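Shown next, in structure tokens, is the structure this report addresses.
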Amino acid sequence: MRLFFAVTIPPEVLLALEKVQADLRRAMECPSIRWVRPEQFHYTVKFLGEQTMSRAQKAVEIAERICDNLAPFRLTLGGLGAFPTPRRPSVLWIGATSGAQEFERMARLMDDALAREHFRRESKVPTAHLTIARIKTYEAESAAADGLAQLNLGEIATITVDSMVLMRSTLRPTGSEYSLVERFPFRGEHPG
């Protein structure tokens with residue numbers, strides 16, 4: 001099964017993100033940009049890829065251990081970016097302003113703990129980002145790059161991150177479908 005750990009978005013914030021995505025879609029006016037369905041919006045903590053049931057269980061044990069020591073934190077969604085660069089975008093994303101350091105710390109803790117159990121280590125420093133579109137054609141790349149150069153996206157909403165989820169991704173002809181495998185509440189205390 002194809003798995004990843006993520007932070008999900010509360011329903012009331014999904015509505016705000018849908019509006020932002022609709023505004024971007026109008027601004028970029030390109031039918032070949034593949035917009036992510038709002039019910040799939042999330043911040044990836046760690047992508048595991050294909051795993052056996054026993055490896056998935058090991059990942060669950062690690063997540064439980066990490067989340068027992070994590071304290072809830074606030075994450076402010078905002079800013080628009082692209083991978084690999086805004087001039088050559090293949091992925092459009094919404095980032096995070098305040099709370100990004102806590103998110104990145106959580107992602108590094110997960111990556112380090114999983115790597116100790118021989119899961120693949122991430123090659124890049126984790127960045128808090130929520131994918132809103134994928135770009136596969138030159139026409140889409142050009143439209144997205146022009147739109148990114150003209151748009152400035154401020155802060156959208158602030159959420160409380162008090163858990164992490166393990167999601168299963170099933171590839172279908174219509175795209176990936178995500179289903180919740182397990183939720184891991186944070187049980188740590190705030191310092192002080």
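Small disclaimer: the values here were computed from a predicted structure and weren't measured. For reference, positions follow the sequence shown, starting with 1. Because only heavy atoms are used, hydrogens play no part in the values below, and waters and symmetry mates are left out as well, while side chains stay in.
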Partner residues of [X] under the side-chain contact (heavy atoms from CB on, under 4.5 Å) criterion, sequence neighbours left out:
{"X": "E102", "value": "F73"}
{"X": "S54", "value": "T52"}
{"X": "T160", "value": "P72, R74, D162"}

Calculate, to the nearest 0.5 Å, the distance between atoms [atom1] and [atom2] belonging to [X] and [Y] respectively.
{"X": "E141", "Y": "S32", "atom1": "CD", "atom2": "OG", "value": "10.5 Å"}
{"X": "T158", "Y": "L77", "atom1": "OG1", "atom2": "CG", "value": "7.5 Å"}
{"X": "R120", "Y": "L114", "atom1": "CZ", "atom2": "CG", "value": "10.5 Å"}
{"X": "E122", "Y": "M110", "atom1": "CD", "atom2": "CE", "value": "11.0 Å"}
{"X": "I132", "Y": "L17", "atom1": "CD1", "atom2": "CG", "value": "8.5 Å"}
{"X": "E61", "Y": "K58", "atom1": "CD", "atom2": "NZ", "value": "5.0 Å"}

Decide yes or no for [X] and [Y]: does some side-chain heavy atom of the first lie under 4.5 Å from some side-chain heavy atom of the second?
{"X": "M106", "Y": "V45", "answer": "yes"}
{"X": "R187", "Y": "N69", "answer": "no"}
{"X": "I135", "Y": "L92", "answer": "yes"}
{"X": "C67", "Y": "P185", "answer": "no"}
{"X": "L70", "Y": "R105", "answer": "yes"}
{"X": "L75", "Y": "T97", "answer": "no"}
{"X": "M28", "Y": "L151", "answer": "yes"}
{"X": "V161", "Y": "F103", "answer": "no"}

Inset, instruction - Could I get the full list of ring pair (Phe, Tyr, Trp, His ring centres under 6.0 Å) partners for F186, not counting sequence neighbours? - result: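 None.
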Legend entry - Listed partners of F83 passing ring pair (Phe, Tyr, Trp, His ring centres under 6.0 Å), at least two apart: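 Expected list: W93, H129.
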Inset, instruction - Taking E189 for its side chain and A71 for its backbone only, find out whether a donor-acceptor pair lies under 3.5 Å. - result: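 No: the side chain of E189 does not pair with the backbone of A71.
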Inset, instruction - Look at the side chain of E50 and the backbone N and O of M1, then say whether any donor-acceptor pair between them is shorter than 3.5 Å. - result: yes
Legend entry - T170 vs R172, side-chain contact (heavy atoms from CB on, under 4.5 Å): CA-CA, chis, key distance, verdict: CA-CA 6 Å; T170 306; R172 305 255 187 244; 3.6 Å; yes
Which pair of heavy atoms, one from [X] and one from [Y], lies closest together, and at what distance?
{"X": "P89", "Y": "P86", "value": "CD-O, 3.4 Å"}
{"X": "A140", "Y": "C30", "value": "CA-SG, 3.6 Å"}
{"X": "A16", "Y": "I156", "value": "CB-CG2, 3.9 Å"}

Inset, instruction - Answer yes if the side chains of E155 and T76 hold a donor-acceptor pair under 3.5 Å, and no otherwise. - result: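 Per modelled atom types, E155 and T76 side chains form no pair under 3.5 Å.
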Inset, instruction - Please name all residues satisfying side chain to side chain donor-acceptor pair (under 3.5 Å) with T131, sequence neighbours left out, ordered by chain then number. - result: none
In the single-linkage hydrophobic clustering (I, L, V, M, F, W, Y; side-chain heavy atoms under 4.5 Å), do [X] and [Y] co-cluster?
{"X": "V60", "Y": "M53", "answer": "yes"}
{"X": "I33", "Y": "V91", "answer": "no"}
{"X": "L15", "Y": "V20", "answer": "no"}

Inset, instruction - Please list, chain by chain and in numerical order, all residues satisfying salt bridge (charged side-chain N to carboxylate O under 4.0 Å, His left out) with K136, sequence neighbours excluded. - result: none
Legend entry - Partners meeting salt bridge (charged side-chain N to carboxylate O under 4.0 Å, His left out) with E104 (sequence neighbours left out):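 Scan of E104 (salt bridge (charged side-chain N to carboxylate O under 4.0 Å, His left out), adjacent residues dropped) gives none.
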Inset, instruction - Would you list the pairs meeting salt bridge (charged side-chain N to carboxylate O under 4.0 Å, His left out) in which at least one residue belongs to residues 108-117, sequence neighbours left out? - result: K46-D111, D111-R121, D112-R121
Legend entry - Pairs involving residues 19-28, ordered by first then second residue, that meet salt bridge (charged side-chain N to carboxylate O under 4.0 Å, His left out) (sequence neighbours left out): K19-D23, D23-R26
Legend entry - Transitive ILVMFWY cluster of F47, excluding itself - 4.5 Å side-chain cut-off: F4, V165, M167, Y178, L180
Inset, instruction - List the steps and the verdict of side-chain contact (heavy atoms from CB on, under 4.5 Å) for T8 and R183. - result: CA-CA 10 Å; T8 55; R183 181 173 297 277; 3.8 Å; yes
Return a table of donor-acceptor pairs under 3.5 angstrom between the side chains of residues 36-43 and protein atoms on other chains or two or more places apart.
unit_1: R37; atom_1: NE; unit_2: E39; atom_2: OE2; d: 3.0
unit_1: R37; atom_1: NH2; unit_2: S176; atom_2: O; d: 3.2
unit_1: Q40; atom_1: NE2; unit_2: S176; atom_2: O; d: 2.3
unit_1: H42; atom_1: ND1; unit_2: Q40; atom_2: O; d: 2.8
unit_1: H42; atom_1: NE2; unit_2: T44; atom_2: OG1; d: 3.0
unit_1: Y43; atom_1: OH; unit_2: G95; atom_2: O; d: 2.7

